[in-house]
Amino acid sequence: MTATTEYTPETVTPEAENENGTETGAVADTGGAGAAEAASAEALPVLHPHVNAWFELNARDLPWRHPEAGPWGVMVSEFMLQQTPVSRVLPVYEQWMARWPRPADLAAEPSGEAVRAWGRLGYPRRALRLHGAATAITERHGGDVPREHSQLLALPGIGEYTAAAVASFAYGQRYAVLDTNVRRVIARAVSGTEYPPNATTAAERRLARALLPEDVPTAARWAASSMELGALVCTSKNPECGRCPIVAQCAWVRAGKPPHQGPARRTQTYAGTDRQVRGRLLAVLRDAVTPVPQKDLDAVWHEPVQRARALDGLVADGLVEPLEGGVYRLPRT
DNA sequence: CAGCCGTGGGA
DNA sequence: TTCCCAAGGCT
């Protein structure tokens, strides 16, 4: 099947009481320096026609891009995809949506069930936040994922990126969606560097806004297509520039692909950290049907101080509920 | 704002 | 085997 028709943003109100064409994007203008911004925006390459055309032919057929996924499906996928590869999200997403097809379905269950269903996706606090977001949506938004960027941003687990992504992917609005893929594409194609800065900068936000096509549907398509380009072609390690639709305009290629200079990105150690201990503890609790005795948790890590600290942390985060008598379980709240 | 928060697959 | 990293958010 062609990918073309699969990425049609759901339009809850097709007539769209005019979604306010003046929306500028998720990125707040930091104010000032208007002249400098205008000047820098003039020389920008026009990338979206090429990338959007490439997307028509190369977009992956992902379930959250199907119309039936709806805003809730888009939102669930965005939570799961935070720092997690598509291949690992797919099966969990399918089970999740089958079990909780609407936000209210998830909100009706204890948060611990969300943590359990999250499985081994990692960063289980995301499951807690998704449950919290579903609860807020049920209580404050009548059970429908809000379409306003500001209202999305107010939900737990939704930051600048996810708010823009849901607004754009689910509702077809015009927002700069600045994830790690898009940041890399912009860094190379426009800035001529191999990698973007470690932390998102005001300059990047400015660039992303300037690259956003005026036409709303085209802008929504660009948000998805530029992200897909970064995920499939303009990858971090071995970019396939021979397949890139904008190789002719790429500043980094033009400069001879200079290697990244400057401080290396922080390598996150894992072995021996609290995170690893937390992961082991939670794995035991996820797989348990009944409350788990302390001794079963003690078995996962040799060092008692770190073990206790990790468990305390899980309790503090609301991922684990301590009961009387030194037994633990996933939260029932 | 730098550090923390999981996991498993590929190079 | 070791290293890198994959659609961030929160404090």
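In this text, all values refer to a predicted model and were calculated from it rather than measured experimentally.
Atoms CZ and OH, on A:R275 and A:Y270 in that order, are 7.5 Å from each other to the nearest 0.5 Å.
Every residue two or more places apart in sequence or in another chain that forms a side chain to side chain donor-acceptor pair (under 3.5 Å) with A:E321 is listed here: A:R329. Taking the ring pair (Phe, Tyr, Trp, His ring centres under 6.0 Å) definition, one finds that A:Y328 meets it with nothing, sequence neighbours left out. Considering only residues two or more places apart in sequence or on other chains, A:A203 meets the side chain to side chain contact (heavy atoms under 4.5 Å, CB included) condition with A:T201, A:R206. Listed by chain and residue number, nothing satisfies the salt bridge (charged side-chain N to carboxylate O under 4.0 Å, His left out) test with A:D296 (two or more places apart in sequence, or in another chain). Remark: A:D298 pairs with A:R307 by the salt bridge (charged side-chain N to carboxylate O under 4.0 Å, His left out) rule, at least two apart or across chains. Partners of A:E204 by salt bridge (charged side-chain N to carboxylate O under 4.0 Å, His left out), not counting sequence neighbours, listed by chain and number: A:R183. With sequence neighbours excluded, the residues satisfying side chain to side chain donor-acceptor pair (under 3.5 Å) with A:T84 are A:R126. Under the salt bridge (charged side-chain N to carboxylate O under 4.0 Å, His left out) criterion, A:E303 pairs with no residue, sequence neighbours left out.
A:N181 pairs in a side-chain contact (heavy atoms from CB on, under 4.5 Å) with only one of the listed residues (A:V185, A:D179, A:L178), which is A:D179.
Of the C1' atoms belonging to C:dT1 and B:dG8, the separation is 15 Å, rounded to the nearest Å. Straight-line distance between the P atoms of B:dC4 and C:dA7: roughly 23 Å, to the nearest whole Å. Atom C1' of C:dT11 sits at a distance of 10 Å from the matching atom of B:dC1, rounded to the whole Å.
Looking at heavy-atom distances under 4.0 Å, A:D274 makes contact with sugar-phosphate atoms alone, never a base.
Near DNA chain B, meaning a heavy atom under 4.0 Å from it, residues 276-300 of chain A has A:R278, A:G279, A:R286 in order of number. Of the residues in residues 109-122 of chain A, not one places a heavy atom less than 4.0 Å from an atom of DNA chain C.
Residues A:R275 and A:A199 both approach DNA chain B. Their nearest nucleotides, taken by heavy-atom distance, put A:A199 toward the 5′ side. Nearest-nucleotide assignment on DNA chain B puts the 5′-proximal partner with A:L314, out of A:S87 and A:L314.
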List the atom pairs, with distances to 0.1 Å, where a side-chain N or O of residues 223-235 of chain A and a protein N or O form a donor-acceptor pair under 3.5 Å, not counting sequence neighbours.
from	atom 1	to	atom 2	distance (Å)
A:S225	OG	A:N52	OD1	2.6
A:S225	OG	A:R221	O	3.2
A:S225	OG	A:W222	O	3.3
A:S226	OG	A:W222	O	2.7
A:S226	OG	A:A223	O	3.4
A:E228	OE1	A:R60	NE	3.4
A:E228	OE1	A:R60	NH2	2.7
A:E228	OE1	A:R65	NH2	2.8
A:E228	OE2	A:R60	N	2.9
A:E228	OE2	A:R60	NE	2.9
A:E228	OE2	A:R65	NH1	3.0
A:T235	OG1	A:N238	O	3.3

Sequence-aligned protein contact record of nucleotides 5-11 of chain C, with B where the base is within under 4.0 Å of a protein heavy atom and S where only the sugar-phosphate is: SBBBBS-
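For A:Y270 and C:dT2, the OH to P distance is 16 Å, given to the nearest whole Å.
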